[in-house]
Peer 1: 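I am attaching a structure below and will ask some questions about it afterwards.
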Amino acid sequence: MGGVLRAEPVWVETFTGLRMDRFARLVKVVRERGGNGPGGGRPWCLPLDRVLLVAVHYRTNLTMRQLAPLFGISSATVCRVIQRLRPLLALEPAPRPVAGVERLWIVDGTLIPVRDRQVGASSRNYRCSANVQVIIDADTRLVVASARPAPGNKADAHVWRESDLPATAAGTTVLADGAYLGTGLIVPHRRRARRPLLRGQEEDNAEHRRVRARVEHTFARMKNWKILRDCRQGGDGLHHAVQAVATMHNLALTG
């Protein structure tokens with residue numbers, strides 16, 4: 001690759017949001033998952049610039065034609081690199097619950113605009129969007145798991161039940177908002193007609209809101225990777241993007 005951008009500290013931090021040491025950990029993860037290509041024949045090397053290309057694409061949401069001159073390659077090569085490497089940036093599976101250790105997770109969904117109408121649907125944000133469910137750890141604020149995107153016109157509780165997140169969260173205390181009523185998760189006390197909440201219930205709801213706000217902050221940080229503000233990729237593209245962004249978000253937090 002002989003373009004403008006190089007895997008140097010100043011460019012990596014500017015265009016990916018990761019410091020160089022954390023970006024090196026990302027490259028290590030991709031290499032361990034087979035990023036060097038098949039074993040037979042001439043090996044397909046994995047220079048830092050290839051992972052940088054994928055990370056820059058997710059961070060800036062530039063098109064293939066815009067990325068090509070930055071890296072000194074053709075737009076077709078950009079597409080091939082992204083298609084090959086994006087599954088390798090997936091989020092690590094959530095750890096199994098440890099007996100005797102209490103953990104608190106928070107789940108919520110967010111709408112992400114998409115162009116593929118087989119993935120999204122017209123939603124309350126007046127755009128074709130997908131509903132993406134994410135679980136975070138309340139203490140570390142790290143992303144624990146994410147579900148496959150569902151059409152944006154589906155309710156959060158319905159998407160939760162159809163996803164694999166309930167199995168992932170089995171044995172763990174999970175907080176959610178009022179949209180998850182009837183799912184078995186911890187939701188706020190519901191105010192009924194002509195029956196105001198008791199003082200203790202109001203205090204519980206206030207504490208619930210304070211803790212649950214952490215997942216909203218996580219969504220805001222994840223959407224610094226602009227691919228989650230307007231995903232132009234079709235098929236599994238959004239799913240891979242969410243998984244990759246979650247991985248980079250966790251790396252940015254943990255160091």
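All values derive from a computational prediction rather than experimental measurement.
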Peer 1: Measure across Phe71 and Asp49 and return the closest heavy-atom pair with its distance rounded to 0.1 Å.
Peer 2: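 Shortest heavy-atom contact: CE2-O, 3.8 Å.
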Peer 1: Taking a hydrophobic cluster as the set of Ile, Leu, Val, Met, Phe, Trp and Tyr residues connected by side-chain heavy atoms closer than 4.5 Å, whether directly or through intermediates, do Leu52 and Leu89 fall within one such cluster?
Peer 2: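 The answer is yes; both residues are in one hydrophobic cluster.
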Peer 1: Quick one: which of Gln133, Glu216, Lys223 gives a side-chain hydrogen bond (donor to acceptor under 3.5 Å, both in side chains) with Thr110?
Peer 2: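 Answer after filtering Gln133, Glu216, Lys223: Lys223.
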Peer 1: Would you say that Val211 contacts Leu104 through its side chain, given a criterion of any heavy-atom pair below 4.5 Å between the two side chains?
Peer 2: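 The answer is yes, as the side chains (C-beta and beyond) meet within the 4.5 Å cut-off.
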Peer 1: With side-chain contact (heavy atoms from CB on, under 4.5 Å) as the criterion, how do Val114 and Gln233 come out once you've worked through the C-alpha distance, each side chain's angles and the decisive distance to 0.1 Å?
Peer 2: CA-CA 8 Å; Val114 293; Gln233 299 182 7; over 6 Å; no
Peer 1: Between Arg103 (side chain) and Thr172 (backbone), is there a donor-acceptor pair under 3.5 Å?
Peer 2: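 Looks like no, no N/O pair under 3.5 Å.
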Peer 1: Tell me whether His208 contacts the main-chain N or O of Ile186 through its side chain, where contact means a donor paired with an acceptor under 3.5 Å.
Peer 2: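 Yes, His208 side chain to Ile186 backbone: donor-acceptor pair under 3.5 Å.
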Peer 1: Applying salt bridge (Lys or Arg N to Asp or Glu O under 4.0 Å), which residue pairs with at least one partner in residues 164-188 are found, sequence neighbours left out?
Peer 2: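 Every salt bridge (Lys or Arg N to Asp or Glu O under 4.0 Å) pair that includes a residue of residues 164-188, provided the two are not neighbours, is Asp177-Arg212.
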Peer 1: Look at atom CZ of Arg117 and say whether more than 12 heavy atoms of other residues, nucleotides or ligands are closer to it than 6.0 Å.
Peer 2: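 No, the 6.0 Å shell around CZ holds no more than 12 heavy atoms from other groups.
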Peer 1: Quick one: are Thr16 and Met248 in side-chain contact, heavy atoms under 4.5 Å?
Peer 2: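 SC-SC contact between Thr16 and Met248 ruled out.
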Peer 1: Excluding sequence neighbours, so at least two apart, what forms salt bridge (Lys or Arg N to Asp or Glu O under 4.0 Å) with Arg65?
Peer 2: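 With sequence neighbours excluded, Arg65 shows a salt bridge (Lys or Arg N to Asp or Glu O under 4.0 Å) to no residue whatsoever.
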Peer 1: Return the minimal non-hydrogen interatomic distance between Ser75 and Ala68, and the atom names on each side.
Peer 2: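 Heavy atoms of Ser75 and Ala68 come nearest at N-CB, 3.6 Å.
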Peer 1: Which atom pair, heavy atoms only, marks the closest approach of Pro151 to Asn131?
Peer 2: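 Looking at all heavy atoms of both residues, the closest pair is O-CB, 3.9 Å.
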Peer 1: Check whether any side-chain heavy atom of His57 sits under 4.5 Å from a side-chain heavy atom of Arg86, and report yes or no.
Peer 2: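 No, too far: nothing below the 4.5 Å cut-off.
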Peer 1: Would you compute the distance between atom OG1 of Thr173 and atom CD1 of Ile106 and round it to the nearest 0.5 angstrom?
Peer 2: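 Atom-to-atom, Thr173:OG1 and Ile106:CD1 are 11.5 Å apart.
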Peer 1: Can a donor-acceptor pair be found, under 3.5 Å and without considering hydrogens, that links the side chain of Asn250 to the backbone of Leu142?
Peer 2: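 Not at all, since once roles are kept as given, no pair shorter than 3.5 Å links the two residues.
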Peer 1: Are Leu62 and Val51 linked, directly or through intermediate hydrophobic residues, by side-chain heavy-atom contacts shorter than 4.5 Å (ILVMFWY only)?
Peer 2: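 Same hydrophobic cluster.
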Peer 1: By side chain to side chain contact (heavy atoms under 4.5 Å, CB included), which residues pair with Glu13, not counting sequence neighbours?
Peer 2: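 Glu13 satisfies side chain to side chain contact (heavy atoms under 4.5 Å, CB included) with Arg19 once adjacent residues are dropped.
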Peer 1: List the atom of Ser123, the atom of Ser129, and the distance in Å for their closest heavy-atom pair.
Peer 2: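 Answer, listing the atom of Ser123 first, then Ser129: OG-CB, 3.6 Å.
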Peer 1: Return the minimal non-hydrogen interatomic distance between His239 and Pro149, and the atom names on each side.
Peer 2: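 Closest approach of His239 to Pro149: CB-CD, 3.7 Å.
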Peer 1: Can you confirm whether Arg80 sits close enough to Thr77 that some side-chain heavy atom of one is under 4.5 Å from a side-chain heavy atom of the other?
Peer 2: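 Result yes, sub-4.5 Å side-chain heavy-atom pair found.
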Peer 1: Between Val30 and Arg50, is a side-chain contact (heavy atoms from CB on, under 4.5 Å) present by the stated rule, with each step listed?
Peer 2: CA-CA 10 Å; Val30 174; Arg50 291 187 184 273; over 6 Å; no
Peer 1: Drop me the distance from His249's NE2 to Arg141's CZ, to the nearest 0.5 angstrom.
Peer 2: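 His249 atom NE2 to Arg141 atom CZ measures 9.5 Å (nearest 0.5 Å).
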Peer 1: So, the side chain of Asn153 versus the backbone of Ser122: is there a donor-acceptor pair under 3.5 Å, distance only?
Peer 2: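 Answer holds: no.
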Peer 1: Is any side-chain heavy atom of Trp11 closer than 4.5 Å to one of Val56?
Peer 2: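 No, too far: nothing below the 4.5 Å cut-off.
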Peer 1: To the nearest 0.5 angstrom, please state how far the CD1 atom of Ile136 sits from the CZ atom of Arg221.
Peer 2: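 Those atoms lie 7.5 Å apart.
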Peer 1: Determine yes or no for a side-chain-to-main-chain donor-acceptor pair under 3.5 angstrom, with Arg22 supplying the side chain and Ala252 the backbone.
Peer 2: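 Looks like yes, one N/O pair under 3.5 Å.
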Peer 1: Tyr126 and Val132: same hydrophobic cluster, using ILVMFWY side-chain contacts below 4.5 Å?
Peer 2: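 No; Val132 is not reachable from Tyr126 via cluster members.
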Peer 1: Determine, for Arg191 against Glu202, whether the closest basic-nitrogen to carboxylate-oxygen distance falls under 4.0 angstrom.
Peer 2: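 Judged by the 4.0 Å cut-off on N to carboxylate O distance, Arg191 and Glu202 do form a salt bridge.
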Peer 1: Working to the nearest 0.5 angstrom, can you tell me the gap between Thr218 OG1 and Leu253 CG?
Peer 2: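 Separation between the atoms: 7.5 Å.
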Peer 1: For the CD1 atom of Ile73 and the CG atom of Leu67, what is their distance to the nearest 0.5 Å?
Peer 2: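 It comes to 8.0 Å.
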Peer 1: Which pair of heavy atoms, one from Leu228 and one from Ile112, lies closest together, and at what distance?
Peer 2: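 Nearest pair, atom of Leu228 first, then Ile112: O-CG2, 3.4 Å.
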Peer 1: Test of understanding: with side chain to side chain contact (heavy atoms under 4.5 Å, CB included), list the residues that count as partners of Thr183, not counting sequence neighbours.
Peer 2: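 Only Ala157, Trp160, Arg161, Tyr180, Leu185 meet the side chain to side chain contact (heavy atoms under 4.5 Å, CB included) criterion with Thr183.
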Peer 1: Output every pair passing salt bridge (Lys or Arg N to Asp or Glu O under 4.0 Å) with a member in residues 225-251, not counting sequence neighbours, ordered by first then second residue.
Peer 2: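 Qualifying pairs: Arg115-Asp230, Arg127-Asp230, Arg148-Asp236.
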Peer 1: Is there side-chain contact between Val29 and Thr247, with at least one heavy-atom pair below 4.5 Å?
Peer 2: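 Not in contact.
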Peer 1: Tell me every residue that passes side chain to side chain contact (heavy atoms under 4.5 Å, CB included) with Arg124, counting only those two or more places apart in sequence or in another chain.
Peer 2: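 Expected list: Leu111.
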Peer 1: Nearest 0.5 Å, please: how far is CG in Leu238 from CD in Gln243?
Peer 2: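 Answer rounded to 0.5 Å: 10.5 Å.
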Peer 1: Following the transitive rule for hydrophobic clusters with a side-chain heavy-atom cut-off under 4.5 Å over Ile, Leu, Val, Met, Phe, Trp and Tyr, establish whether Trp105 and Val159 coincide in one cluster.
Peer 2: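 As far as the 4.5 Å side-chain criterion goes, Val159 and Trp105 are not connected within one cluster.
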Peer 1: Hydrophobic clusters here meaning ILVMFWY residues chained together by side-chain heavy-atom distances under 4.5 Å, can you tell me if Leu18 and Val242 are in one?
Peer 2: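 Looking at the clustering, Val242 is in the same group as Leu18.
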